[in-house]
Amino acid sequence: MFRVVPFALLLLGGVACRRPLTPEEDRAQALDIVRSRVSVVERKGCPADVVPDRPAEKKDFTTYCDKRLSWCAEACFGSDVTACYSLALVLQGDTRTTEWAEPLFYRSCALGDMSGCTNRAAGLQVEKDGPSSRLRCVALTYERTCARGDPWGCAMHGLELVQGKSVPRDLKKAREVLGRACTLGDGDPACKAAKGLLSQMDAYERDQAQAPGTK
């Protein structure tokens, strides 16, 4: 006897039988989404221009995109700040996709993530090509993210003040700024970097004080 199967059940059956993506296919699909949707501003803009006044709430980004990169890409362009930042870290960890992490850091910055702003500035800083004005953008981004409490922003802003390349050299201010890099505790990588730089400054000042002819 012929039995008519309801159309809704056919749809459900089609969904259930769909083959899941392999990890390689999932990554490739995520990358296609990013390539097709990032804007020129997200690729070329200065993160200092979009540093938020207050940070957005971010979930556990370390596992947010695990085994679902294409889902994360869709969520990012649906304004999910955690998805943008988490996916950016995944893409940054592969030399084949590093360049596509940068616009995602910018996008997460614009959505309210201070770390995204600082990371995008760090990406601009190491670029070989680009306008010289980008270094001023980098310094300004670090200054603004530090002012809003980002530990790595303070560590990098302190380094800029010590080097005196993009901003006037100011060791006294650098010490104050570097001291603000430890808000997450001594074990935080930003704090360790800041303390390392402070130790170098201390050693340099001791050497200068002990140099012949120094009063």
Side-chain angles (χ1 to χ4, degrees), residues 47-48 50-69 72 75-76 80-95 97-98 100-102 104-127 137-167 169-207:
V50 293
V51 172
D53 292 330
R54 295 180 180 179
E57 182 178 349
K58 188 167 63 178
K59 300 175 184 177
D60 181 7
F61 61 87
T62 60
T63 59
Y64 201 70
C65 289
D66 284 1
K67 299 180 181 179
R68 54 176 189 174
L69 299 186
C72 236
C76 172
D80 184 329
V81 63
T82 308
C84 290
Y85 188 78
S86 182
L87 184 58
L89 291 178
V90 173
L91 297 181
Q92 185 184 50
D94 187 332
T95 56
T97 57
T98 298
W100 295 104
E102 299 303 328
L104 294 188
F105 281 133
Y106 182 100
R107 185 172 179 83
S108 71
C109 173
L111 290 172
D113 183 42
M114 299 297 174
S115 293
C117 303
T118 299
N119 280 4
R120 179 59 187 123
L124 285 170
Q125 190 168 10
V126 299
E127 282 187 5
C137 160
V138 167
L140 185 58
T141 302
Y142 293 151
E143 181 178 2
R144 289 182 176 175
T145 58
C146 178
R148 289 161 177 76
D150 181 53
W152 268 117
C154 290
M156 298 304 291
H157 182 38
L159 178 61
E160 292 277 318
L161 290 167
V162 170
Q163 293 178 331
K165 295 179 179 179
S166 302
V167 296
R169 193 166 190 250
D170 188 334
L171 298 184
K172 181 179 180 180
K173 185 177 180 181
R175 285 185 175 279
E176 185 272 325
V177 165
L178 290 169
R180 290 155 55 192
C182 293
T183 55
L184 297 181
D186 292 345
D188 183 60
C191 180
K192 292 180 179 179
K195 285 191 171 184
L197 182 54
L198 285 168
S199 295
Q200 293 178 38
M201 293 170 65
D202 290 340
Y204 173 79
E205 290 177 1
R206 285 195 301 269
D207 290 344

Participant: At their closest point, which heavy atom of G185 faces which heavy atom of C191, and how far apart are they?
Facilitator: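 In terms of heavy atoms, the two residues are closest at O-CB, 3.3 Å.
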
Participant: What's the verdict on side-chain contact (heavy atoms from CB on, under 4.5 Å) for V90 and L69, showing C-alpha distance, side-chain angles and the deciding distance?
Facilitator: CA-CA 9 Å; V90 173; L69 299 186; 4.0 Å; yes

Participant: Answer yes or no: is there a side-chain heavy-atom contact under 4.5 Å between W100 and Q92?
Facilitator: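 W100 does not reach Q92 side chain to side chain.
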
Participant: Quick test of your reading of the model: are R120 and E102 salt-bridged, counting only N-O distances below 4.0 Å?
Facilitator: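 Salt bridge between R120 and E102, a charged N being under 4.0 Å from a carboxylate O: yes.
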
Participant: Would a distance-only check, ignoring hydrogens and angles, find a side-chain to backbone donor-acceptor pair under 3.5 Å from S108 to Y85?
Facilitator: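 Checking the backbone N and O of Y85 against the side chain of S108, no donor-acceptor pair under 3.5 Å is found.
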
Participant: Can you see which heavy atom on D188 is nearest to which on A181, and at what distance?
Facilitator: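 Of all heavy-atom pairs spanning D188 and A181, the closest is OD2-O, 4.3 Å.
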
Participant: Atom CD in E143, atom NE2 in H157: separation rounded to 0.5 Å?
Facilitator: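 Nearest 0.5 Å value for the CD-NE2 distance: 4.5 Å.
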
Participant: Are any side-chain N or O atoms of R169 and backbone N or O atoms of V162, one a donor and one an acceptor, separated by less than 3.5 Å?
Facilitator: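 The answer is yes, because a donor-acceptor pair under 3.5 Å joins these two groups.
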
Participant: Give a yes/no verdict on a cation-pi contact between K59 and Y64, requiring under 6.0 Å between NZ or CZ and the six-membered ring centre and an angle within 45° of the axis.
Facilitator: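 No, K59 and Y64 do not form such a contact.
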
Participant: Salt bridge between E176 and R180, side-chain N to carboxylate O under 4.0 Å?
Facilitator: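 Between R180 and E176 there is a salt bridge, with a charged N closer than 4.0 Å to a carboxylate O.
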
Participant: Please determine, by modelled atom types, if E205 and Q200 share a side-chain donor-acceptor pair under 3.5 angstrom.
Facilitator: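 There is no such pair between these side chains.
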
Participant: Would you say F105 and S115 make side-chain contact, with heavy atoms under 4.5 Å?
Facilitator: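 The answer is no; the side chains never approach within 4.5 Å.
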
Participant: Do any N or O atoms from the side chain of R148 and from the backbone of P52 form a donor-acceptor pair under 3.5 angstrom?
Facilitator: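 Yes: the side chain of R148 pairs with the backbone of P52.
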
Participant: Any ion pair linking R175 and D202 (charged N to carboxylate O, less than 4.0 Å)?
Facilitator: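 Here D202 pairs with R175 in a salt bridge, since their nearest N and O are under 4.0 Å apart.
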
Participant: Which atom pair, heavy atoms only, marks the closest approach of V81 to E57?
Facilitator: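 Closest heavy-atom pair between V81 and E57: CG1-O, 3.7 Å.
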
Participant: Could you go through the side-chain contact (heavy atoms from CB on, under 4.5 Å) check for S166 and V138 one step at a time?
Facilitator: CA-CA 9 Å; S166 302; V138 167; over 6 Å; no

Participant: Can you give me the closest heavy-atom contact between T141 and P47, atom names plus distance?
Facilitator: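 Closest pair (atom of T141, atom of P47, distance): OG1-CG, 3.5 Å.
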
Participant: Could you tell me the separation between the OG1 atom of T98 and the CG atom of L91, rounded to the nearest 0.5 Å?
Facilitator: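 The CG atom of L91 is 8.5 Å from OG1 of T98, to the nearest 0.5 Å.
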
Participant: Nearest 0.5 angstrom please: M156 CE to N119 CG, how far?
Facilitator: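 Reported to 0.5 Å precision, the distance equals 10.0 Å.
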
Participant: Which pair of non-hydrogen atoms, one from A174 and one from M201, has the smallest distance, and what is that distance?
Facilitator: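 Where A174 meets M201 most closely, the heavy atoms are CB-CE, 4.4 Å.
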
Participant: Could you tell me which non-hydrogen atom of L124 sits nearest to which non-hydrogen atom of C137, and how far apart they are?
Facilitator: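 Nearest heavy atoms, L124 then C137: CD1-SG, 3.9 Å.
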
Participant: Assess whether side-chain contact (heavy atoms from CB on, under 4.5 Å) is satisfied between C76 and L104, documenting all intermediate values.
Facilitator: CA-CA 8 Å; C76 172; L104 294 188; 3.9 Å; yes

Participant: Within the structure provided, determine whether D113 and C84 are in side-chain contact (heavy-atom separation under 4.5 Å).
Facilitator: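 Result no, sub-4.5 Å side-chain heavy-atom pair not found.
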
Participant: Please round to the nearest 0.5 Å and tell me the distance separating atom CG of D60 and atom OG1 of T82.
Facilitator: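 The CG atom of D60 sits 9.0 Å away from the OG1 atom of T82.
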
Participant: Nearest 0.5 Å please: distance from the OG1 atom of T118 over to the CG atom of D150.
Facilitator: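 These two atoms lie 3.5 Å from each other.
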
Participant: Return the CG to NZ distance between D170 and K172, rounded to the nearest 0.5 Å.
Facilitator: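 Going from CG on D170 over to NZ on K172, the span is 8.5 Å.
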
Participant: Is the backbone N or O of Y142 less than 3.5 Å from a side-chain atom of T145, with the two atoms forming a donor-acceptor pair by type?
Facilitator: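 Pair found, side chain donor or acceptor close to backbone of Y142.
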
Participant: May I ask you to decide if K195's main-chain N or O and S199's side chain share a donor-acceptor pair within less than 3.5 Å?
Facilitator: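 Yes, the answer is positive, given that a donor and an acceptor are paired below the 3.5 Å cut-off.
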
